[in-house]
2 protein chains.
Amino acid sequence: MNITIEDIRNKLIEKGLKITPQRISILQAVYVLNNHPTADNIIEYIREAHSNIATGTVYKVLDTLVENQLIRKVKTDRDIMRYDGIMEKHHHLYCSTCDLIEDYIDEELDNILSEYL
Amino acid sequence: MNITIEDIRNKLIEKGLKITPQRISILQAVYVLNNHPTADNIIEYIREAHSNIATGTVYKVLDTLVENQLIRKVKTDRDIMRYDGIMEKHHHLYCSTCDLIEDYIDEELDNILSEYL
DNA sequence: TATTAAAAAAGAATAATTCTCATTTAAGAA
DNA sequence: TTCTTAAATGAGAATTATTCTTTTTTAATA
Ligand SMILES: [Mn+2]
Ligand SMILES: [Mn+2]
Ligand SMILES: [Zn+2]
Ligand SMILES: [Zn+2]
């Protein structure tokens with residue numbers, strides 16, 4: 001179930017967003033890095049793959065993707081924003097020591113929370 | 001149930017902390033401002049009351065007070081730390097629009113959460 | 001009163017994010 | 001295809017809450 005560049009283009013098109021190499025790279029990076037990367041992780045990843053990209057562009061594009069519900073922002077205890085390409089409802093297990101975020105699905109917890117009016 | 005300067009001195013003494021005018025002012029400010037003030041709220045409040053204080057001192061003292069469990073840090077959606085002088089266990093209702101934090105006590109919720117192993 | 005470790009003052013440094021503005025480009029029109 | 005232009009990007013300066021560094025002051029104890 002690897003996501004292709006074509007899939008990414010389609011996601012952008014569905015949202016009526018202009019297709020740019022930067023947007024494709026960034027969305028792909030979020031998927032590939034897939035453990036809630038920081039903006040910096042994404043910048044590093046894209047620059048390693050030989051294409052340069054401006055820092056401001058990355059933040060701008062990430063915001064656009066969040067606004068269009070293609071990715072999500074994840075806050076942690078630290079002052080660095082994390083990004084999440086998984087849009088299905090899920091919780092996070094978070095270790096404040098090493099700043100690791102693990103996806104966590106628990107229907108029982110969901111039920112308890114939704115029953116609590 | 002107003003907290004006096006003497007109460008504040010005693011709290012500091014109980015924790016084995018040196019009594020300084022800055023520590024007294026800051027802890028008092030947290031109590032008086034009492035709606036989860038920012039470091040800046042505290043600085044403004046103390047400076048209005050005619051005494052000058054260094055920004056770094058306020059952050060340092062707040063950290064000391066947190067370490068000694070005299071106050072708590074409260075994170076919000078914004079990048080500004082809030083401080084809480086109420087040490088009894090309580091939840092927070094948070095409005096991300098106006099950044100207001102309201103204390104919230106709900107034993108039923110506490111029970112549900114503690115029963116959820 | 002003298003001693004001294006701890007605290008505070010002052011202001012520079014940090015760093016993630018945002019902002020500004022000149023340049024480039026994607027996408028639709030002709 | 002070429003033209004047009006609103007939108008996107010690049011480059012780097014600006015922002016800002018917080019931390020750090022160094023010097024000076026002070027609270028607590030003897
Ligand atoms: Mn996740
Ligand atoms: Mn509170
Ligand atoms: Zn860990
Ligand atoms: Zn509100």
Side-chain angles (χ1 to χ4, degrees), chain A residues 5-6 8-29 36-47 49-68 70-71 73-83 99, chain B residues 5-6 8-29 36-47 49-68 70-71 73-83 99:
Chain A
I5 301 291
E6 211 42 45
I8 289 172
R9 298 179 81 91
N10 288 332
K11 282 170 186 287
L12 293 172
I13 288 167
E14 274 172 34
K15 299 295 181 177
L17 294 171
K18 234 185 217 181
I19 311 295
T20 68
Q22 291 83 353
R23 283 176 174 169
I24 292 170
S25 298
I26 290 166
L27 190 46
Q28 191 190 29
H36 313 90
T38 63
D40 223 51
N41 295 150
I42 293 164
I43 290 165
E44 192 185 4
Y45 177 81
I46 293 174
R47 291 197 178 145
H50 349 294
S51 43
N52 201 12
I53 192 163
T55 306
T57 301
V58 173
Y59 282 101
K60 189 77 196 351
V61 168
L62 286 169
D63 273 354
T64 303
L65 298 176
V66 170
E67 279 166 24
N68 288 87
L70 289 171
I71 64 174
K73 277 188 174 184
V74 179
K75 277 192 168 279
T76 72
D77 280 358
R78 305 197 195 179
D79 285 336
I80 308 173
M81 194 60 65
R82 307 282 290 270
Y83 296 89
D99 214 39
Chain B
I5 301 292
E6 211 41 45
I8 289 172
R9 299 179 81 91
N10 287 332
K11 281 171 187 285
L12 293 172
I13 289 166
E14 274 171 34
K15 299 296 181 177
L17 293 171
K18 234 186 220 180
I19 312 295
T20 68
Q22 291 83 354
R23 283 176 173 168
I24 292 170
S25 297
I26 290 166
L27 190 46
Q28 191 191 29
H36 313 89
T38 63
D40 224 51
N41 294 151
I42 293 164
I43 290 165
E44 192 184 5
Y45 176 81
I46 292 174
R47 291 196 178 146
H50 351 294
S51 41
N52 201 9
I53 192 164
T55 306
T57 301
V58 173
Y59 282 101
K60 189 76 195 352
V61 168
L62 286 168
D63 272 356
T64 304
L65 297 176
V66 170
E67 278 166 23
N68 288 87
L70 287 172
I71 64 174
K73 278 188 174 183
V74 179
K75 275 191 170 282
T76 71
D77 280 357
R78 307 198 192 177
D79 286 336
I80 308 173
M81 195 60 66
R82 307 282 289 269
Y83 295 89
D99 213 40

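Every chain is numbered from 1, with letters handed out A, B, ... down the list of sequences. Everything numeric here is computed off the predicted structure, so don't read it as measured data.
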**Asked** Separation of B/K60 atom NZ from D/dT22 atom P, in whole Å?
**Response** 16 Å
**Protein proximity profile, nucleotides 15-25 of chain C - base contact B, sugar-phosphate-only contact S, no contact -, cut-off 4.0 Å on heavy atoms** = -SBBB------
**Prompt:** How far apart are the C-alpha atoms of B/D40 and B/I80, what are their side-chain angles, what is the distance that settles it, and do they pass the side chain to side chain contact (heavy atoms under 4.5 Å, CB included) test?
**Reply:** CA-CA 9 Å; B/D40 224 51; B/I80 308 173; over 6 Å; no
Could you give the side-chain donor-acceptor pairs of residues 13-21 of chain A under 3.5 Å, partners two or more places apart or in another chain?
| from | atom 1 | to | atom 2 | distance (Å) |
| --- | --- | --- | --- | --- |
| A/K15 | NZ | A/N68 | O | 3.3 |
| A/T20 | OG1 | A/R23 | N | 3.0 |

**Prompt:** Between D/dA6 atom P and A/L17 atom CG, what is the distance in whole Å?
**Reply:** 19 Å
**Message:** Measure CD1/A/I19 against P/C/dG28 and give the value in whole Å, please.
**Reply:** 10 Å
**Partners meeting salt bridge (charged side-chain N to carboxylate O under 4.0 Å, His left out) with A/K73 (sequence neighbours left out)** = A/D63
**Message:** Counting only side-chain nitrogens and oxygens, does A/Q22 get under 4.0 Å of the OP1 or OP2 atom of C/dA26?
**Reply:** no
**Item:** Between P of C/dA10 and CG of B/N52, the distance in whole Å
**Value:** 6 Å
**Message:** So, OP1 or OP2 of C/dA6: does either fall under 4.0 Å of a side-chain N or O from B/T20?
**Reply:** no
**Request:** Check side chain to side chain contact (heavy atoms under 4.5 Å, CB included) between A/I5 and all other residues, then give those that pass, not counting sequence neighbours.
**Result:** A/R9, A/I24, A/Q28
**Request:** Mind checking which stems touch DNA chain D? I mean at least 3 consecutive Watson-Crick or G-U pairs, both distances under 3.5 Å.
**Result:** C:1-30 with D:1-30
**Prompt:** To the nearest angstrom, how far is B/I43 atom CD1 from D/dA17 atom C1'?
**Reply:** 10 Å
**Request:** Identify the two heavy atoms, one from A/A39 and one from A/Y83, that lie closest to each other, and give their separation to 0.1 Å.
**Result:** N-CE1, 4.1 Å
**Reported CD1-to-CD1 distance for the pair B/I26 and B/I46, which is rounded to 0.5 angstrom** = 4.5 Å
**Request:** Please name all residues satisfying side chain to side chain donor-acceptor pair (under 3.5 Å) with B/T38, sequence neighbours left out, ordered by chain then number.
**Result:** B/N41
**Prompt:** Excluding sequence neighbours, so at least two apart, what forms side chain to side chain contact (heavy atoms under 4.5 Å, CB included) with B/T76?
**Reply:** B/R78, B/R82, B/Y94, B/D99, B/I101
**Message:** Per the side chain to side chain donor-acceptor pair (under 3.5 Å) rule, what does the pair list look like for residues 51-60 of chain A, sequence neighbours excluded?
**Reply:** A/R47-A/N52
**Fill in**
Rounded to whole Å, CZ of B/R23 lies from P of D/dT26 at a distance of 15 Å
